[in-house]
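These notes concern the structure reproduced below.
Remember, predicted model here, so these are calculated numbers, not experimental data. Numbers here are sequence positions counted from 1. Every heavy atom of this structure was used, including side-chain atoms; hydrogens, water molecules and symmetry mates were not.
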Amino acid sequence: MAARTHSVTNQVPPLTGYDVFAADRALTEAVERHVGPGSGLLDEVRGELSALGRAAGSAQLQEWGAQANENPPRLRTHDRYGHRVDEVDFHPAWHRLLGKGVSAGLTAAWTRPAGHVRRAAAFLVWTQVEAGNGCPLSMTHAAVPALRADPELAAEWEPRLTSTVYDRELRPARLKAGALLGMGMTEKQGGSDVRANTTSARPLAEDGTYELTGHKWFCSAPMSDGFLVLAQAPGGLTCFLVPRVLADGTRNVFLLQRLKDKLGNRSNASAEVEFDGTWARRVGEEGRGVRTIIEMVAATRLDCAVGSAGLMRQAVAQAVHHCTHREAFGGPLAGKPLMRNVLADLALESEAATALVLRLAAAWDDGGEQERALLRIAVPAAKYWVTKRCAPLVVEAAECLGGNGYVEESGLPRLVRESPLNSVWEGAGNVQALDVLRALRREPQALDAFLREVGSARGADHRLDAAIKSLLTEFADLEGIEARARRLVERLALVLQGSLLVRYAPPEVADVFCASRLGGDHGAAFGTLPHTLDLAALVERARPVS
């Protein structure tokens, strides 16, 4: 008979065996809104996302996520005989998860109806299992529009990049049923200033082939089948495709120097790589490398926001689940007024992020001139704000679990380590803010599209109306605007989120958002919402399982 001191009471059951998609009301409603109930496609999309959601919520896949992070990739530069192989070895759990992500269509948005909305929803769900394999999935997805600058290359590579087959074998891409693409833009002397790159590209022939020499400081997903990189050609900074294996089966010169020892994202490999006579194919025109790759950058920036929304949702789900089941001071934690305020605040932030990223995915599906103009200003704004809010939200959610949230077994420490990443990758906060300013100055149609979008909610809430008016005043005063760019972009993102919630969220959600985020009735920390509003409804809406 077990000793009384070993009796286990008041412990929270694991959050497993549930449908991560169907349990997320903000996400399911956004998918229904953007796919359209009368489209005939909605049932298919919901079924597909629920299948992925059930897998994501299973104990088995959650265990794979933990295993992939506990066993990070290892670099193998040489084989036993001394030959360079430059390979990265991953734990089997990594391959299982990456294969599942590919088969779920996370690289296939460009070939499917409502492809970007259904993919964004799937990416948000899948991030909650294991965020590391989101990197190769994102890079591969985002490479498609860049490759379309060269129709011949696109015809060769696009069917493999959008395939739902995960083929991990290292062989020529033409022999594979599916392929992955990575990216290498930054160098140690330049970072975000890619025009300072020194990697050189020497033409080999008139057919667009070159020889590259240089060092890339960050190469994403170095086990991929090919990479889009920037290098200095005779005509200026140019985009190139570097295959890992050449058409004749020999390995390209792709020298992995080391893997980065990162704070989070431990399951995923990021590398430094040397090019030394490396064969490459030009993508687009010489001297137009940034313009060629900009569509890829925009797509990966949106993925950063979507991924952060996924991390936020998982943190909120864990916090609400814990506080629903944990008893303290005579009742469930979630029923205590102060904890309810914290949980409602976290849930509100998560829902606003979800509504924003799915709206931008829908704009990508639409593809019209006005929607593309909206993306030009809204993607960097969303990337800036959603990724910035991720880290403090996840840390606060971990605190909801008390000391349990600081223990690795809870899974929250992994989310905490992951949470700052998307704010850094694909251009940190200042880069995003300056990109918004650039769009405001050079592309007046972007501001017009934004104002049309938020203007459709005018008159529904006086606090939103006042925020739009204040924002217009900010736009009118361009003196010293760079120094206050972060403030401007923050307000821009909040107004856009507010307009979406006013139009589409339940009234109690929109009311709390407008009061706290737009009306100023909010402190500096989470859990400082106006207590007179319906906070219990927000917590109930965020509960992952009944």
Flag the pair E48 and R112 as a salt bridge only when some basic side-chain nitrogen lies within less than 4.0 angstrom of an acidic carboxylate oxygen. yes

Sub-4.5 Å side-chain heavy-atom contact between L147 and L181: yes

Any side-chain heavy-atom pair of L180 and V102 under 4.5 Å: yes

Closest heavy-atom pair and its distance - S516, L348: OG-CD2, 3.8 Å

Minimum side-chain heavy-atom gap V125-F123 below 4.5 Å: no

Output the distance between atom CG (L440) and atom CZ (F450), rounded to the nearest 0.5 Å. 9.5 Å

Is it the case that over 12 heavy atoms from other parts of the model lie below 6.0 angstrom from the CZ atom of R148? yes

How many angstroms lie between atom CG of L333 and atom NZ of K336, to the nearest 0.5 angstrom? 7.5 Å

Salt bridge check, R118 against E44: does any charged N sit closer than 4.0 Å to a carboxylate O? yes

Under 3.5 Å: donor-acceptor pair, side chain of T528, backbone of G523: yes

Within the side chain of S308, is there an N or O that forms a donor-acceptor pair under 3.5 Å with the backbone of A305? no

Salt bridge (Lys or Arg N to Asp or Glu O under 4.0 Å), paired with D435, selected from R441, K383, R301, R442: R301

Salt-bridge contact E474-R487 (side-chain N to carboxylate O under 4.0 Å): yes

How close do A353 and V386 get, counting heavy atoms only, and between which atoms? CB-CG1, 3.9 Å

Where the side chain of D461 meets the backbone of C514, is there a donor-acceptor pair that is under 3.5 Å apart? no

Charged N to carboxylate O under 4.0 angstrom, R119 versus D303? yes

Can a donor-acceptor pair be found, under 3.5 Å and without considering hydrogens, that links the side chain of Q432 to the backbone of G427? yes

First locate atom CD of E418, then atom SG of C390, and finally report the distance between them rounded to the nearest 0.5 Å. 8.5 Å

Heavy atoms from other residues, nucleotides or ligands near CD of E482 exceed 12 (cutoff 6.0 Å): no

Is there a side-chain contact between T238 and L230 in this structure, where contact means two heavy atoms from C-beta onward sitting under 4.5 Å apart? no

Looking at G47, is its backbone amide N or carbonyl O close enough to the side chain of S50 to form a donor-acceptor pair, meaning the two atoms are under 3.5 Å apart? no

Nearest 0.5 Å please: distance from the NZ atom of K262 over to the CZ atom of F218. 8.0 Å

Distance-minimising heavy-atom pair for N268 and P136: OD1-CD, 4.0 Å

Sidechain-backbone polar pair: S470 side chain, A466 backbone, donor-acceptor under 3.5 Å: no

With a 4.0 Å cut-off, would you call E351 and R25 a salt bridge? no

Nearest heavy-atom approach of L228 to C239 is CD2-SG, 4.1 Å

Test your reading of the model: is there a side-chain donor-acceptor pair from T300 to the backbone of V297, 3.5 Å cut-off? yes

Tell me whether K388 at atom NZ has more than 12 heavy atoms from other residues, nucleotides or ligands lying less than 6.0 Å away. yes

Basic-acidic side-chain contact under 4.0 Å: R543, E540: yes

Using modelled atom types only, decide if a donor and an acceptor are shared between the side chain of N341 and the backbone of L535 within a distance under 3.5 Å. no

So L124 and F21, do their side chains get closer than 4.5 Å, heavy atoms only? no

Would you name the heavy atoms of A121 and L49 that are closest together and state the gap between them? CB-CD1, 3.8 Å

Dump the intermediate steps for side-chain contact (heavy atoms from CB on, under 4.5 Å) on L161 and E158, then the final yes or no. CA-CA 5 Å; L161 300 182; E158 189 171 331; 5.6 Å; no

Using a cut-off of 6.0 Å, state whether more than 12 heavy atoms not belonging to R195 lie near its atom CZ. no

Taking it one step at a time, do N430 and R486 satisfy side-chain hydrogen bond (donor to acceptor under 3.5 Å, both in side chains)? CA-CA 7 Å; N430 285 355; R486 282 188 172 219; 2.7 Å; yes

If we ignore hydrogens and angles and just use 3.5 Å, is the side chain of D365 paired with the main-chain N or O of G115 as donor and acceptor? yes

Under 3.5 Å donor-acceptor, S350 side chain and L346 backbone: no

Heavy atoms, side chains only, cut-off 4.5 Å: are H522 and D345 in contact? yes

Considering only NZ, NE, NH1 and NH2 on the basic side and carboxylate oxygens on the acidic side, decide whether R541 and E29 come within less than 4.0 Å. yes

Pairs meeting criterion side-chain hydrogen bond (donor to acceptor under 3.5 Å, both in side chains) with involvement of residues 446-458, two or more places apart: R359-E453, D448-R452, E453-R503, S456-R503

Taking ring pair (Phe, Tyr, Trp, His ring centres under 6.0 Å) as the cut-off, I'd like each qualifying pair that reaches into residues 131-154, sequence neighbours left out, listed once. W110-H141, H116-H141

Stepwise side-chain contact (heavy atoms from CB on, under 4.5 Å) check, L393 with F526: CA-CA 8 Å; L393 181 146; F526 285 105; 4.1 Å; yes

So how far is it from L106 CG to W126 CH2, rounded to the nearest 0.5 Å? 8.0 Å

Could you walk me through whether V20 and D24 pass side-chain contact (heavy atoms from CB on, under 4.5 Å), step by step? CA-CA 7 Å; V20 173; D24 187 343; over 6 Å; no

So do M139 and M296 actually touch side chain to side chain, heavy atoms under 4.5 Å? yes

Is any side-chain heavy atom of L538 less than 4.5 Å from a side-chain heavy atom of F513? no

Rounded to the nearest 0.5 Å, what separation is found between the CG atom of D534 and the CG atom of D511? 9.0 Å

Where is the tightest heavy-atom contact between D19 and G53, given as atom of each residue plus distance? OD1-CA, 3.4 Å

Mind running side-chain contact (heavy atoms from CB on, under 4.5 Å) on N265 and W425 for me, showing each step along the way? CA-CA 12 Å; N265 205 246; W425 277 6; 3.3 Å; yes

